[in-house]
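Let me begin by presenting the structure, written as C-alpha cells, before commenting on it.
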Amino acid sequence: MRVAYFPGCVAKGNCPELNQSTHKIAPLLGIELIELTGAPCSGAGVLQAQNPVLADTYNAKTLALAEELDLPLMTVCSTCIGCLRKSNKKLSEDEGYRAEVNEVLKNGGHEYHGSVDVTHLLYVLIKEVGTENLRSMVKQPLTGLRVAPFYGCYILRPADVMGIDNPDNPTSLERVIEAVGATPVDYYGKTRCCGFPINLENEEAAFKMAGKHIGEAKDKGADCMVTPCPLCHMNLDLQQPSVSKVVGRKLDVPVFHLPQMIGLALGLAPKELGVAKHMVSTKDVLRQLGL
Amino acid sequence: MIQANLKVYRYDPQKDQEPHYDTYQVDGLPDFSTVLDALIKVREDIDGTLTMRCSCRSAVCGSCAFRVNGHAKLGCKTALSKLAPNGEEVCVEPMGNMKVVKDLVTDMEMFWDKIQQVKPWIETEGEPPDREYQVPHSKMVELQQPMNCVMCGACVSDCTVLEETSKFLAPAALAKAYRVVGDPRHAKSHEWLTELSEEGGIWDCTRCVECVQVCPKNVAPMDQIIKLRELAIDAGLTDNVGAKHVLHFTESVAHTGVLDERTLPIKAAGIGWAFRNAGIAIKATLKGKIKPLLPGTHPSVTEVQDVRRIHEELEVKKGTE
C-alpha cells in the first residue's frame with residue numbers, strides 16, 4: 001500500500017532511529033512511503049494552548065497535502081496521530097469551521113475537503129498488513145523475548161477521536177509482539193502516561209511516572225519495552241538514567257521503537273535500525289536473540 | 001437473563017490488615033443490567049457487608065464511581081452486556097488517588113478541598129444591571145460542557161499527575177475553574193488565572209487524556225485546562241515555565257515548520273536545565289542520536305514560507321480579536 005508519510009518532529013529530531021527504522025521496514029512490508037516534506041508540526045497538544053485555530057490550520061495543511069495525493073496519512077508517533085485525528089474530526093464534521101480554515105489555507109494554494117484517514121504504523125500493521133501476514137514474513141523470530149508494550153496516550157484516547165483500539169483494554173501492540181514471535185508482558189502502566197509533556201514544568205512528577213511504568217514492566221519480567229511513540233521513548237530511554245535516580249532504583253530496561261522490533265524480526269541488522277543510538281544498551285536483548 | 005461474575009475489592013480498615021478480593025456469581029440479572037445493578041444484588045442477596053455509595057442509578061447523582069477493570073466508571077452507566085458479554089469476570093475496585101473508607105467507598109475530602117481551592121463562584125464588579133446579566137448564547141453553550149460535571153470523582157481517580165503529586169489541583173477542580181474564569185460575568189479572571197498558573201495548577205497537567213476518557217458526562221476536563229492555558233497566555237501571565245514552553249514551541253514551529261527539541265527546553269526552563277541535562281545531551285550527541293547544536297543542523301519543511309504565512313496571518317487575526 002502507498003501512504004502519505006508524516007514522520008513528525010521527533011523522528012526527524014531527537015529520535016532519528018525511528019525514521020531510519022521505518023524507512024528500512026516499509027519496503028519489506030509492502031508499504032510505500034510518500035513523505036509529506038511540506039507538512040508542519042502537529043502541535044503536539046502544546047501549540048493548541050496558544051492558538052488552537054493555528055494548530056488546526058497547520059494540521060489542515062498536512063491533511064490537504066495527503067488529500068492531494070489521494071492517500072491515507074500514516075504517522076509513527078502516538079502524539080501526532082492524536083493531534084491530527086482531533087483536528088481532522090473537527091474539520092470533517094464542522095463545514096463552517098473547515099471553510100474558515102480553508103480561507104487561510106487557500107492563500108498557500110491548498111484546500112482541505114475532509115476526506116483523509118489518519119493512521120499510525122501500528123494500525124497499518126494490524127489492519128492493512130495483517131498479523132498473520134506479518135508472522136509469515138518473520139525471518140528471525142524473537143522467540144523467548146519478553147516485551148512490555150507501552151502505548152502512549154494519544155494513540156488510544158479519547159475513544160471518540162481514536163476509535164481504533166479499545167482504550168481500556170488495547171490489544172494491537174500485543175498482537176504485533178506475538179506475530180514477531182515474542183511474548184507480551186501485561187502490566188497496568190502500559191496505557192498510562194510516560195510523563196514527558198511535563199518534563200520541563202514538573203520534572204520530578206514526570207520522571208516518577210516514567211520510572212513507575214519501567215519498574216513495573218521490569219518487575220513483571222520484561223526483557224525490554226516497545227513503544228509506538230517517540231515522545232514516550234524520550235522519557236523511557238533517553239531520560240532513563242535520570243528517571244532511575246528519581247525513583248531510586250536501577251532500571252536498565254532497553255526500549256525499542258515499534259519499527260525497530262519489527263525490523264529485527266524481519267531479519268534486518270541491528271545497526272540498520274539504529275538501536276545503538278539508544279541511551280540504554282540493547283546488547284543483552286540482542287545477545288539473547290543471538291544477534 | 002445474564003450472569004455477572006464479579007471480583008470485588010474488600011477492605012475494612014477496622015478489621016483487615018490488608019485489602020483482599022471476594023468473588024461473587026450473580027444470576028438472573030435482566031439483560032440491560034449494569035455493574036451497579038449486580039453490586040446491589042450482591043449486597044441485597046449474597047453479602048450484606050459489601051459497602052458502596054449509590055443513589056440515583058441514572059448517571060445523574062455521581063455517587064457510584066468505581067474502578068471497573070482498572071478504569072474509573074459510573075457503575076450505573078456501565079452495561080454488563082457490553083463489558084462482559086460472555087460472563088467474563090469484572091473487577092470492581094474503589095476509585096484511585098483517594099483513601100479507602102471501606103470496600104468501594106472512598107474519602108472525598110481531598111476532592112472537595114481542591115474544588116474549594118479554585119473558588120468556584122462568579123464575582124462581578126460594579127453596579128448590577130437593571131435586569132439580568134446577559135451572556136452570549138454561544139458562550140453559555142460552550143460553558144455547558146464543564147457545567148455538566150456531577151462531581152463523581154472519576155477524573156480525579158484516574159489522573160496520572162495526581163498519583164505523583166498531591167499538590168496538583170486535578171481535572172475536576174480545574175474544569176470547574178474554567179467554568180468560572182471563562183464566564184464573561186466574572187470580573188476576577190486575571191486574579192484567578194494568576195493563582196491557577198502557580199505550582200500544582202494548569203501547567204502541571206500532562207495532557208494524558210485519561211480524564212477525558214473516563215468522564216461519564218463528557219466534561220472533557222483536559223480540554224478545559226487547555227482553554228485556561230490559552231486565557232492565561234492571552235492575559236500576559238507568561239513568566240512561568242509552562243507558558244514559556246508553549247510560546248517558544250509555537251515560535252520554533254513558525255520559524256522552520258519543525259520543532260527544535262534541542263533549544264526549546266533551554267529557552268523555556270533556562271540555563272539550569274541545560275546544565276542538569278548536559279551529560280545526557282553529550283552522550284546522545286556522541287551516539288549520533290541528537291544533532292550537535294550548530295547552525296544549519298535543524299531541518300525545515302519544504303513549504304516553510306507557507307507555514308510562516310499561516311502563523312503570521314492567524315496570530316495577527318487573534319491579536320485583533
Side-chain angles (χ1 to χ4, degrees), chain A residues 9-10 12-17 37-41 43-54 57-58 61 82 104-105 107-110 153-154 156-159 167-169 188 192-193 195-202 204-206 208-209 212 234 238-239 241-242 276-279, chain B residues 69-71 160-161 163-165 168 199 203-210 212-213 220 226 229-230 233 240-242 245-247 249-250 253 257-262 265 268-269 273 276-277 279-280 283-284 287-291 298-299 301-303 306-307 309-311 313-315 317-318:
Chain A
C9 303
V10 187
K12 292 287 217 176
N14 285 358
C15 290
E17 69 278 6
T37 54
C41 167
V46 179
L47 203 149
Q48 282 78 352
Q50 182 173 344
N51 190 335
V53 180
L54 174 62
T57 309
Y58 281 161
K61 175 181 169 68
V104 181
L105 273 194
N107 294 331
H110 298 291
C153 302
Y154 287 22
L156 297 171
R157 298 184 289 270
D168 285 354
N169 185 25
Y188 181 68
R192 302 290 273 174
C193 180
F196 178 79
I198 53 166
N199 271 8
L200 302 179
E201 290 82 357
N202 191 336
E204 187 182 355
K208 279 183 180 172
M209 288 158 88
K212 182 164 64 182
M234 286 203 282
L238 184 64
Q239 292 287 3
S242 305
K277 289 189 169 78
H278 294 190
M279 191 57 65
Chain B
N69 289 347
H71 302 272
T160 54
V161 176
E163 280 182 12
E164 310 306 338
T165 168
F168 185 45
E199 187 186 354
W203 298 109
D204 275 18
C205 168
T206 190
R207 296 180 282 106
C208 69
V209 207
E210 287 279 8
V212 180
Q213 182 61 35
I226 303 293
R229 289 180 175 185
E230 188 184 359
I233 290 173
N240 58 70
V241 176
H245 186 167
V246 172
L247 293 171
F249 188 110
T250 306
V253 175
V258 183
L259 173 68
D260 191 341
E261 305 150 295
R262 301 167 305 172
W273 186 94
R276 282 203 311 282
N277 287 275
I280 286 177
K283 197 170 174 187
K287 281 172 175 273
K289 183 173 172 62
I290 295 179
K291 293 186 201 89
H298 183 60
V301 300
T302 53
E303 298 192 19
D306 193 38
V307 172
R309 179 195 61 79
I310 292 170
H311 172 262
E313 208 169 301
L314 287 172
E315 278 296 276
K317 187 180 174 192
K318 185 173 176 181

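Throughout, a chain's letter reflects where its sequence line sits, starting with A, and its residues are numbered from 1. Everything quoted here is computed from the prediction, not taken from an experiment.
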Reported NZ-to-NZ distance for the pair Lys291(B) and Lys12(A), which is rounded to 0.5 angstrom
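Output value for this atom pair is 8.5 Å.
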What's the verdict on side chain to side chain donor-acceptor pair (under 3.5 Å) for Thr160(B) and Glu210(B), showing C-alpha distance, side-chain angles and the deciding distance?
CA-CA 8 Å; Thr160(B) 54; Glu210(B) 287 279 8; over 6 Å; no
Using a cut-off of under 4.5 Å on heavy-atom pairs, state which of [options] scores highest against chain A.
{"options": "Thr165(B), Val258(B), Asn240(B)", "result": "Val258(B)"}
{"options": "Lys289(B), Arg262(B), Gln213(B)", "result": "Lys289(B)"}
{"options": "Asp260(B), Leu247(B), Asn69(B)", "result": "Leu247(B)"}

Could you check if a side-chain atom of Pro241(A) sits within less than 4.5 angstrom of a side-chain atom of Met279(A), using non-hydrogen atoms only?
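Touching, per the 4.5 Å side-chain cut-off.
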Is Arg192(A) close to Cys208(B) at the side-chain level, that is, under 4.5 Å between some pair of heavy atoms?
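Side chain of Cys208(B) against side chain of Arg192(A), heavy atoms only: no contact under 4.5 Å found.
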Heavy-atom pairs under 4.5 Å with chain B - which of [options] has more of them than the others?
{"options": "Ala206(A), Pro197(A), Pro16(A)", "result": "Pro197(A)"}
{"options": "Asp168(A), Leu54(A), Asn51(A)", "result": "Asp168(A)"}
{"options": "Val10(A), Asn169(A), Val53(A)", "result": "Val10(A)"}
{"options": "Gly38(A), Ala39(A), Gly43(A), Pro52(A)", "result": "Gly38(A)"}

Would you mind checking which part of [X] comes under 4.5 Å of any heavy atom in chain A, side chain (CB onward), backbone (N, CA, C, O), both or neither?
{"X": "Arg309(B)", "answer": "side chain"}
{"X": "Ile233(B)", "answer": "side chain"}
{"X": "His71(B)", "answer": "side chain"}
{"X": "Trp273(B)", "answer": "side chain"}
{"X": "Thr250(B)", "answer": "both"}
{"X": "Glu315(B)", "answer": "both"}
{"X": "Ala284(B)", "answer": "both"}
{"X": "Asn277(B)", "answer": "side chain"}

Between [X] and chain B, with a heavy-atom cut-off of 4.5 Å, which part of the residue counts as in contact: side chain, backbone, both or neither?
{"X": "His110(A)", "result": "side chain"}
{"X": "Glu17(A)", "result": "side chain"}
{"X": "Lys61(A)", "result": "side chain"}

Is Lys317(B) salt-bridged to Glu313(B), cutoff N-O under 4.0 Å?
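Looking at Glu313(B) together with Lys317(B), the answer is no, because their closest N to O distance does not fall below 4.0 Å.
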Of all heavy-atom pairs between [X] and [Y], which one has the smallest distance, and what is that distance?
{"X": "Thr206(B)", "Y": "Cys193(A)", "result": "OG1-SG, 3.3 Å"}
{"X": "Met209(A)", "Y": "Gly195(A)", "result": "SD-CA, 3.8 Å"}
{"X": "Phe249(B)", "Y": "Ala44(A)", "result": "CZ-CB, 3.8 Å"}
{"X": "Ala159(A)", "Y": "Pro167(A)", "result": "CB-CG, 4.0 Å"}
{"X": "Pro158(A)", "Y": "Val212(B)", "result": "CB-CG1, 3.9 Å"}
{"X": "Thr57(A)", "Y": "Leu105(A)", "result": "O-CD2, 3.8 Å"}

